[in-house]
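A short worksheet on the structure shown next.
As the structure lists them, so they are numbered: ligands from 1, and atoms in each ligand from 1.
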Amino acid sequence: MNSGCDMLRLAAPGIRDLHPYQPGKPISELEREYGVSDIVKLASNENPLGASPAALRAMQAEMSDLALYPDGGGFALKQALANLHGITADRITLGNGSNDVLVLLAEAFLTPGLEAVYSQYCFAVYPIAVQAVGAGARLAPAHGGSAAQPLGHDLQAMQALIGPTTRMVFIANPNNPTGTWLLESELRAFLQAVPENVLVIVDEAYHEYARDRGVPDATLWLDEFPNLVVTRTFSKAFGLAGIRVGYALSSPQVSDILNRIRPPFNVNSLALAGAAAALGDTDFIERSVASNREGVRDLSRSLQELGLRTNPSAANFVLVDLGQASEPAYRFLLGRGIIVRPVSNYGLPTHLRITVGTASQNRLVIAALAAFLEGSDAA
Ligand SMILES: *Cc1c(COP(=O)(O)O)cnc(C)c1O
């Protein structure tokens, strides 16, 4: 048994109260637990069309060099990103997923005694990154459930929490798990109001889907706001969640600071090659965005036809309120081989977050939810 040494007491103070990030249930786990196959996973906002074929070919070609360390500076991928964004490569920080750059930002700029501001119902990685370095957090109340952007970020409430010890603000646009978004005018007004010693992290993980809906591209404002950092990822529209690559765009000074603590080979060779090739595959992105546009519309409409309230979404998922605890519905869907995302850990115990799948996957999840609701109505 236990030797009496409480390891938890030895952990860094911020880490003692942390709960691990809860990912969507992996397909292999459901196969093991329920003995079912043909599983549909709509739980982690992955691209239902898979990955860009160009990216897969580039990674295949990279296989012969896997005995060698990756290019630690990520030269080729940074050049491709610099071209895409029309900036110099010294403003780019590559990460093992954008999660990695979010953690690097917290490590580089936050310490105990300093604070970050984020919103209720924000992406779960922000509180973990902030608490892990022992910094404080201020949680801004979100918009109400019947606002134009239900449960979305309230920038005025966030601004009101910024004080002398605030060093960082996290904003996801659009936000996960709500799907809500901020307009150019309100986001720019916020950036203009925030003091220059507060870094504003605008997380654009869903940008490729969202720009289709008129959601602004904050990377265009980097010259204007030296305290602005924009993060992007290859995990969502690019369909490369498994290889873990994302990046931050910032002032050269901020990226120099992040680079001082970045593990030297945080992005592996396959990821570097796959991401660079994916950037050039505009055809794949266009197909993904078009398929998602129809999927969000169809899925939302079908959920509404079941009598459920859906959040508007500029991303590749729909947040739906079941009006009852969502756990039984989640379990029922698992039994039918469908994985969606319960969001109780976000403080939303009656909601489910459903990633937009292919048309047939969307029909399957709707049919299963309809069967669940029929059963629960009858009960
Ligand atoms: C999915 C997601 C990310 C991306 O995470 P990766 O580490 O790049 O896979 C970042 N921010 C938000 C809000 C997300 O939903």
Aromatic plane relationship, Phe238 with Phe234 - under 30° parallel, 30 to 60° tilted, over 60° perpendicular: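 Tilted, since the angle between the ring planes falls between 30° and 60°.
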Whether Tyr126 and Phe170 hold their rings parallel, tilted or perpendicular, with breakpoints at 30° and 60°: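 Judged by the thresholds at 30° and 60°, the geometry between Tyr126 and Phe170 is parallel.
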For Ala368 against Leu333, the heavy-atom pair lying closest together: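 Smallest interatomic distance, heavy atoms only, reads CB-CD2, 3.3 Å.
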Amino acids in close contact with ligand 1, where any non-hydrogen atom sits under 4.0 angstrom away: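 Residue list for ligand 1: Gly97, Ser98, Asn99, Phe123, Asn176, Asp203, Ala205, Tyr206, Thr233, Ser235, Lys236, Arg244.
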salt_bridge(Arg331, Glu327) N-O dist < 4.0 Å: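 Result for this pair is yes, salt bridge flagged.
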Carboxylate-amine/guanidinium proximity below 4.0 Å for Asp6 and Arg16: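 Answer for the salt bridge query: no.
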Shared hydrophobic cluster for Val267 and Phe75 (ILVMFWY, side-chain gaps under 4.5 Å):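 No, Val267 and Phe75 fall in different hydrophobic clusters.
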